[in-house]
J.: 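Here it is: the structure, laid out below.
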Amino acid sequence: MKRKLILAGAVSLALAMSACGGSGGAASGGAKAGGTLNLAVSQSLKSWDLAEASMGNAEQYYEPVFDALLHMDAKGAPTANLATSWDYDASLTTLTLKLRTDVKFSDGTPLDAEAVKANLLHTKAGKGEAAALIKAISDVQVTNPSTVVVKLSTPTPSLLRSLANVPGMIASPKSLTSPQVPVGSGPYTLDAATTTAGTEYGFVANPNYWEKNSYPFEKVDIKTMSDPTARTNALLSGQLDGAGISPDRVDAAKAGGLKVDTVTPGVVEGLYIWDKKGAIVPALADVRVRQALNYAFDSASIVKIAKKGLGTPTTQHFTSDSEAFVPELDQTYKYDPAKAKALLAEAGYANGFDVVMPDISSLFPEMQAAMVEQLGNVGVRVKLDKIPFDQFMPSILAGKYAMSYFKTGGADPWIAIQLIVSKQATWNPFHYEDQHVTDLLSRISTSTGSAQVALYKELNTYLVQQAWDAPWDVVKDVYASSKNVQVTMHPFYQTPPLFNFKPASQ
Amino acid sequence: MIASVEVPAESHNGSDGPLLSIENVTVQYPSKKWRSPDFLALKGVSLDIRAGETVGLVGESGSGKTTLGRAVLGLAPVTTGLIRYDGQVISAMNRNQRRSLSDEIQVVFQDPYTSLNPALTVLDILTEPLLTAGTRRAEAEQRVKDLLEQVHLPRDASNRLPREFSGGQRQRIAIARALCRDPRLIVCDEPVSALDLSNQSRVLDLFIEIQERTGVSYLFVTHDLSVVRYISHRVAVMYKGEIIETGDAAKVTTQPKEAYTQKLLLAAPVPDPARQASRRAARQKFSAKLHVAGPFENPAS
Amino acid sequence: MAVFLIRRLLAGILLVILVASATYILLNYTGSDVARNIVGETATPEQALAKAAELGLDRPLGARYFDWLGTTLSGDLGKSWFNNVPVSTTLFNGLPVTLSIIFGALILSALVSVILGSLAAVRAGWFDKTVQASAVLADSIPGFLVALVLAMVVAVNLGWLPATGFVPFQRSAVEWLRSITLPSVALAFGATAATTLQLRGSMLDVLKLDYVRTLRSRGLSDRRIVFKHVLRNAAPPAVTVLSLQFIGLVGGAVIVEKVFGLRGIGSIATSAAVQGDAPVVLGVVIVMVLIVVVVNLIADLAYGWLNPKVRAE
Amino acid sequence: MTIPPIDGTVTATAASGETAKRRHIVVRLLQDPVAICCIFVLLLLTAASVLAPFLTDQDPIKSSLAETLAPMSQQHPLGADGVGRDVVARLLYGGQTSLAAACVAVLVAFAVGVPAGLFGGYYRGRADAILAWASNFIMAVPAIIILLVVMAAVSQSTYVAMAVLGLIVSPSVYRLVRASVVSVREELFVDAAKVSGLSDARIMRRHILPVVQAPSIIQAAQIFGVSIGIQAGIAFLGLGSPTEASWGAMLNDAFANIYSAPLLLLWPALIICMTTASLALLANSLRDSLSGSRRRPTRHSDRVRDGAPSSEGSAAGDFAEVADDVLLAVDNLKVDYPVDGGRRTVVDGVSLTVRRGQVLGLVGESGSGKSQTAFSLLGLLPPEARVSAGRLLFDGAEMKGLGRSAMNRLRGKRIAYVPQEPMSNLDPSFTIGSQLAEPVRQHMKVSAKEAKALLLGLLERVGINDPARVYSSYPHQISGGMAQRVLIAGAISCDPDLLIADEPTTALDVTVQAEILDLIRSLQAERNMGVILVTHDFGVVADICDRVAVMHTGKIVETASVKELFSAPQDAYTRMLLSSTLEDATPRSPLKSMPKLPKRAQTA
């Protein structure tokens, strides 16, 4: 009896406490200058080892601790950061970087050319997404403590932008071998006391950081929150200052007093035609069939209804941030099911054709529904193949499906090309090669400036004419932030970079 | 119709031997507790029952009387010793062999509430053994009507459930079930101890009536000396797994030899204040004398 | 006693091995090309192959299984394939979350069900009917609905308690309590209903027993009889139910953790299972089975403690 | 017999002439409005999903971008979902998948659990041990995590998931079936069936399966409900395929649109709640009608009501209130119980008197109302009993109308009770000492130490050799005779004036009975207690009573001193009872010549 009384007492005490703490929901979220910036990221942190690092919204985990060699301006042009100047040779395969000399890692080691060399070689040998972006680095040479020379196996137009992101981040050479705790030269250091691996990462300001003005918060706290509802609730209840939310939460977020911005990460979604060789579905080898598929989709409706307006209808793989973007191309395939049918008939598929696609309704129900419906309208009969989630990407890459819904890409045109277009591109599972494309690619890689831009546009135009894929829209992500902070979106970053967060009061 | 059934037929066993013969039977149960000794329910018990005879088996709870009945029925495992029925060893039979004995040996249990399946009608309960034996349903139903009459139950009883009957009536149903295969031996395990006084004697009379008509033998297990005296030809007294005294009913239940039987006898109260007073006095004197030997109280509940 | 404990623990360990092995086979059954998912969408095929080799996924299942069994038996649960955090660390971080809310829910439901169950058993009439009906209804409402409503109303709209997140006890006891209150309540909802009904039933059974009447014949007050004698005798089956509830609550925790954005065992298991993060899934399975074994053992001991007859044997 | 009837079965045992209805479980269920509602809802849901093609012309699978989240309209009575599918059609067709998948879980669970339970429970032994181990094995498996793995790695089909769930929950079926089989197996009617020559298979089918049936239905309803719930949970976790039409898939879609169209969540949630609630309520009703506790009476007041004083003609009972030594005087006591359509009187106008130091025997057969009379004096009747009396004087004071706490001051202290069955009347969870000390401390206001000293003395007094050991023992550690001594010690511990003993020796062996009667007699004399001894045994009456009241069908037919009763019984019923006693019957003579009555011809 006595024990029970004690328990009852404890419970009522607990209830009393929760009642007292009434308004305390936002207490921890006061993001003033010198306060704590609370962010949430949907992806989990893959590793502190930059060689294993993911990109996308996982970038935010690395930004507090690691400083990148370069930054980008609002147009995506590289600007100085750890590197004060950069220079390509004529063949575009040797990049010389001059480094700041006043930077030290938080473990006291100076950040010098050797450290940069060690990092770049370490990262590029890795298996992460960041590593994939700089895999063309063949060697790094140290000229003097403040100068490194980066050798490329092949010209890589996207390299400078990559160096402004995770691939260009520099960790203390000592930590490269045991990356359990990140040691960098960035504006913050990881605070073990407020960190729970896999769940929450607390950072405190690095007193020796060389450019403190860009980072006004004393502390940064980044939580891993994969559930969109939980993120929205945390934002609404003031536990977070910023996080990505899902499109259908926009109205709720606005109603709850949050600021809502959109980010364009350079990802294009739509029907990706993998089997352009016609190995599984012979019809797809015919460019008229592929064009018909482009005409089949009412991108405007898909964006408006299925995407709740969060996207920009398109027919090309390159986004408006990209040098390869050609606005007029978006008019190429206006929604016209009649024309689609005509083209199919012309190609000998008056009765359409059958195709098997992976069932992705658990991931993208609206997209799949729209796709199946609109393909059906022009006579393409889709059979859905139920596969476990984790088989989605592997089975596409294994060449199991002739076409499917997909979304990928990069704001930088070269990155997009390396993902989708080139023969060896990851998302070219059938290794389809078009000689004209191959030629254009080699010319692009060895050109610069406006010549390069012109070639990009030429390639883009050709790809659209060839109906390489049938894109619907450029994906827009939603980023919500509390009134306590002022945050600006930044092209070429999939989430706003840390230096774009400021206290609202300033 | 009944008569035609009960016309004595030729003897099929010419020998003069007892119908049932229990020879030095031991029943041992493994202990549930780890490493404690096994429990000996019966310690070398021997007993004969002749055809047409009632042998009363009397004893207090835990004496092993019920176990002996169950051993005869094949419901308790015989560890050592033999049980012969009609010359045939039945104590080592398996379940299937045993089934062939179902028209020879039957049972009436103590509790008429749990010995009848509450979900079955009286007709179902009574036809079941017949149908199992291959009797056709129509015949079986006719037989049930006869049986109900034999045990003095109304014929319309067959469509009702056991719970609609009083204890005495249920016990009649149980007796009818025991009778339906014309057994030669019925093991009666305390068949009247759950009944009211007035029913007790009526049911006992029914047992006697049936025996006199059919010549069936009873192994009659009970704790009540007055019951045993009323129904048995012979009586065996059990105490702690052994038979300590046997003899004619009149002798054992009025002038027992063994001290324990005497004590049993003296402990049973007589429905007469004066005689009970003297019996009580006798008992107190007797137990004072016996006290050295320790009380006969049972350790198990 | 010691023999009993050791035997139970050995059986438990065997159980862990068997369940984990079954899960291992199940996980590897489809031969999922998990390396691809690990390196991410923009990585190259070469990187994926390298990853597969690093994880040993290119080796035959049998060899991999025995390797895994060996390292697991040596106590090494490995590292997550997806975030490289040692599985033991992940579990170590996740367990306090899950156990906090589960025990919170258990205590809550035990308290409420003892009170409601006893009163319902003793008081026939509208109170009993109301308790029964609301328990049945409460049990029928899907757990996520309760959790969602609590999160939306109490946390987001009223702001009384945090909507998401877990504060470790050692960081702040008050904040810890605040952070687990809503999830525990959500989790306790169904469990309380079931336990209440169970307790009511077994108390009704006990109330019919002879000794209750005898206790009444001695002039003891009804309250004393109900809360001392009847409850005590109705407790052993309730303890069994409670231990089964515990296992059920683990399932409920998966959903509640999702709603409240808690990184407990449940959400770890969900994300790992969906991704195909075998070491984490296996780690979770091993730990869960171990916990279940321990909980059952505790329930058995409690059962013995509550039931003198069992204790004697 | 002496246990007061709790439910409507009071009538059942009584009359054989009365054609009682066979109330099958289904029939009983159909008398419960809640059960009827639940069955109706479930049938409706099933019918709606089976007849879906006739109820809607919409396709549950076909999506339409244009109708995404369409509002309620003629075409879409409940609107359209996140990909433009008709909500009504999905609810209807979804029922097919969800209900069928839940059936799969139930079927798998039973297909595995029932044979295992039957086999293990009936044959026991090694196979049973292995099955028990396997069941423990499965029960320790974290179900939800295995489901997650299966859904994520093997198949997203709801049916597969539910089959796995069925397997995971099958131990609960196994345990239930096994427990039922074990308990039935010990029943005498199974032994009787064995002796009747029934094969194991037939015993299983005829006697064991029917017993398993009813709890199995409950279990099935529960598993069905759990399956529906788990389907919803899986959907919530985002596993499973939203293309198929199922309630879980609808939830999946609804979660994705929870902010833009929260109403979408309502329909599947509602239908799931309805289904699971119906199943749970149905299971509850089933359980109640099985245990017969459905019509649980509300407790009226404990108080004995006012009744009319006995009329002049009631000759048999005696009621005297005037004399000084009258301890208890009861006039016109009536006890009745509610039965179908009325009340049944079990004690009908009983009047009796107990004087100090007098032992009154209350004799009768089962159903005569003797125990009911005893319990009504103690206020221990079940709540639905209604008790009234003309007068009810204890030690000169009116007991009628006393509330519960006033009764509690009398009970145990001044009026004590000795029950029939010693073992079941001790609380098995507490030591003998602690349960004996409780009332002593309460009534005598003494310390624990004093109470213990007092009780140790009493235990010794009632003939227990080792009081200290018994004091600290649990009830299961002592014998029945010892337990009865303990209960007597408990009854006299507060020095009561009146002892009501309800067949105190019936459950005991005859030798123990004699000792207990001796004990009661000596205690009674020593303390000058009044005693009411309820019994059916005239031997006991002759042994211990001063006066006797004979009861028959709720009435006292005769009251007399012991001497008069045995020598000159007045009432016909008394005479019939006395003549039924076997004690004086002549012993049966030994079997004369061996009547060679051999085996008769079989009827067949």
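Here is the naming used below: chain letters follow the sequence lines, and residue numbers restart at 1 for every chain.
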J.: Please classify the contact between D:Ile208 and chain B as side chain, backbone, both or neither, with a heavy-atom cut-off of under 4.5 Å.
T.: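 No part of D:Ile208 comes within 4.5 Å of chain B.
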
J.: For B:Ser232, which atoms come within 4.5 Å of any heavy atom of chain D: side chain, backbone, both, or neither?
T.: backbone

J.: Can you tell me if B:Glu60 uses its side chain to pair, donor with acceptor, with the backbone of D:Thr511 under 3.5 Å?
T.: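 At least one qualifying donor-acceptor pair exists.
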
J.: So for B:Arg234, is it side chain, backbone, both, or neither that comes closer than 4.5 Å to the heavy atoms of chain D?
T.: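 No part of it gets close to chain D.
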
J.: Can you tell me which portion of B:Leu197 sits under 4.5 Å from chain D's heavy atoms? Options are side chain, backbone, both or neither.
T.: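 Both backbone and side chain.
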
J.: Closer than 3.5 angstrom, by distance alone: can the side chain of D:Arg202 be matched with the main-chain N or O of B:Thr132 as a donor-acceptor pair?
T.: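 Such a contact is absent between D:Arg202 side chain and B:Thr132 backbone.
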
J.: Against chain D, label B:Asp272 side chain, backbone, both or neither, depending on which of its atoms sit under 4.5 Å from a heavy atom there.
T.: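 The backbone, not the side chain.
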
J.: Any Lys/Arg nitrogen of B:Arg279 or D:Asp543 sitting under 4.0 Å from an Asp/Glu carboxylate oxygen of the other?
T.: no

J.: Which region of B:Leu19, side chain (C-beta onward) or backbone (N, CA, C, O), has a non-hydrogen atom less than 4.5 Å from a non-hydrogen atom of chain D, or is it both or neither?
T.: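 It is neither, since no heavy atom gets under 4.5 Å.
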
J.: Near D:Arg126 CZ, under 6.0 Å, is it more than 12 heavy atoms from other residues, nucleotides or ligands?
T.: no

J.: Non-hydrogen atoms of chain D under 4.5 Å away: do they reach the side chain of B:Ser217, the backbone, both or neither?
T.: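 Neither; nothing under 4.5 Å.
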
J.: Do the side chains of B:Glu128 and D:Lys194 get close enough for a salt bridge, i.e. N-O under 4.0 angstrom?
T.: no

J.: Counting heavy-atom pairs closer than 4.5 Å to chain B, which one of D:Leu578, D:Asp518, D:Val190 comes out on top?
T.: D:Asp518

